[in-house]
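Predicted model only: the values in this text are computed from it and were never measured. For the single chain, residues carry numbers from 1 onward in sequence order.
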Amino acid sequence: MAEYKLTLEKREITGKKLKSLRAEGKIPSVVYGGKEPILLASEYVATEKVLNGAGYHSPIDLDMAGKKHLAIVKDVHIDPVSRKIINIEFQAISAKEVVEATTPVVIVGFEESEASKIYHFAMTQSIEELDVKAKPADLPKELEIDASKMKDVDDKLTIADIKLPEGVVLADKELDPEQVVASLYDPAAEAEKREAEAEEPEMEAADVPADNGSKPEEAGEGAE
């Protein structure tokens, strides 16, 4: 049984008529994975709450007019103006089937590291999520990577540092284990660098030598 549950109703409305459905506070959705796609709708507030928790990685128990299916979110369509959800695509899955899901990568322990507590370095994260494969019950909510041992500004966290839970593998087997997930930088040094660059005087055109060693106005004298 999945941690997240959502009750939906079947719908006949499609196309431009979906506007009236959304006006009633409902989100249209479709479930793929069976013989035919199933058209559904659900209450906006309840659906948004489930999506915020499950994301693209946790299985959801869909109660579709009394029929239950296990699914994961395949895609969420957002209105570019209102930023509200306007449509959802679900992918039906089997509890025994290995599925692929996009999972957030979360850095933990950095506040306890020497890099943070003593040297006051900051961290930049270059990989925010990874695709993994696992059975629905084994799909992790997130992939943790421990930064508590970081010390020097040149220290980095790589894909190899991620501890995958049992039963979970990376979907892309070609990923370089040395690919950088997060690295450190010194905010104080960066600030000093920006200040030094700001203090450098701008060179005027008259001070810039021409190719022949003369100043631009000298190089142009006598030219017809």
Atom [atom1] in [X], atom [atom2] in [Y]: separation rounded to 0.5 Å?
| X | Y | atom1 | atom2 | result |
| --- | --- | --- | --- | --- |
| Met64 | Thr7 | CE | OG1 | 11.5 Å |
| Thr47 | Ile27 | OG1 | CD1 | 4.5 Å |
| Ile107 | Glu128 | CD1 | CD | 8.5 Å |
| Ile13 | Leu18 | CD1 | CG | 7.0 Å |
| Lys84 | Arg22 | NZ | CZ | 10.5 Å |
| Lys149 | Asp161 | NZ | CG | 11.0 Å |

Among residues at least two apart in sequence or on other chains, which ones pass salt bridge (Lys or Arg N to Asp or Glu O under 4.0 Å) with Lys26?
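Scan of Lys26 (salt bridge (Lys or Arg N to Asp or Glu O under 4.0 Å), adjacent residues dropped) gives Glu9.
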
Test salt bridge (Lys or Arg N to Asp or Glu O under 4.0 Å) applied to Glu100 - qualifying residues, sequence neighbours left out:
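Partners of Glu100 by the salt bridge (Lys or Arg N to Asp or Glu O under 4.0 Å) criterion come out as none, since no residue qualifies.
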
What closest approach, in Å, do [X] and [Y] show between heavy atoms, and which atom pair accounts for it?
| X | Y | result |
| --- | --- | --- |
| Ala147 | Met123 | CB-CE, 3.9 Å |
| Lys117 | Glu111 | CG-O, 3.0 Å |
| Gly109 | Asp146 | CA-OD1, 4.2 Å |
| Pro140 | Thr103 | O-CG2, 3.6 Å |
| Pro136 | Pro59 | O-CG, 3.5 Å |

Are the side chains of [X] and [Y] in touch, meaning some heavy atoms are under 4.5 Å apart?
| X | Y | answer |
| --- | --- | --- |
| Leu143 | Leu164 | yes |
| Phe90 | Val73 | yes |
| Val181 | Ile159 | yes |
| Val45 | Glu48 | no |
| Leu130 | Leu175 | yes |
| Asp63 | Lys5 | no |

With sequence neighbours excluded, residues passing side chain to side chain contact (heavy atoms under 4.5 Å, CB included) with [X]:
| X | value |
| --- | --- |
| Ile78 | Val76, Arg83, Ile85 |
| Ala160 | Thr158, Pro177, Glu178 |
| Val50 | Tyr4, Leu6, Ile60 |
| Val180 | Ser126, Lys156, Ser183 |

Do [X] and [Y] share a hydrophobic cluster (ILVMFWY, side-chain heavy atoms under 4.5 Å, transitive)?
| X | Y | value |
| --- | --- | --- |
| Val99 | Val31 | no |
| Val106 | Val132 | no |
| Leu70 | Leu40 | no |
| Ile86 | Ile88 | no |

May I have all residue pairs that pass salt bridge (charged side-chain N to carboxylate O under 4.0 Å, His left out) and include part of residues 131-145, sequence neighbours excluded?
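Listed once each, the pairs are Glu3-Lys141.
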
Above 12 or not: heavy atoms from other molecules or residues under 6.0 Å from CD of Glu36?
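12 or below, so no.
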
So does [Y] get a backbone contact from the side chain of [X], meaning a donor-acceptor N/O pair under 3.5 Å?
| X | Y | answer |
| --- | --- | --- |
| Asp152 | Asp154 | no |
| Gln179 | Ile127 | no |
| Arg11 | Ser29 | yes |
| Ser116 | Ser113 | no |

Kindly give the cluster partners of Leu39, where membership spreads through any ILVMFWY side chain lying under 4.5 Å from a current member.
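Joined to Leu39, directly or through intermediates: Val30, Tyr32.
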
Residues which pass side chain to side chain donor-acceptor pair (under 3.5 Å) with Asn87, listed by chain and number, not counting sequence neighbours:
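Once residues adjacent in sequence are excluded, Asn87 has no partner under the side chain to side chain donor-acceptor pair (under 3.5 Å) criterion.
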
Could you list the residues that satisfy side chain to side chain donor-acceptor pair (under 3.5 Å) with Asp79, not counting sequence neighbours?
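Once residues adjacent in sequence are excluded, the partners of Asp79 under the side chain to side chain donor-acceptor pair (under 3.5 Å) criterion are Ser82.
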
Listed once per pair and sorted, the ring pair (Phe, Tyr, Trp, His ring centres under 6.0 Å) pairs that draw on residues 38-89, sequence neighbours left out
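The answer is none; no pair qualifies.
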
Under the ring pair (Phe, Tyr, Trp, His ring centres under 6.0 Å) definition, can you give me all pairs with a residue in residues 116-172, not counting sequence neighbours?
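Matches after skipping sequence neighbours: Tyr119-Phe121.
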
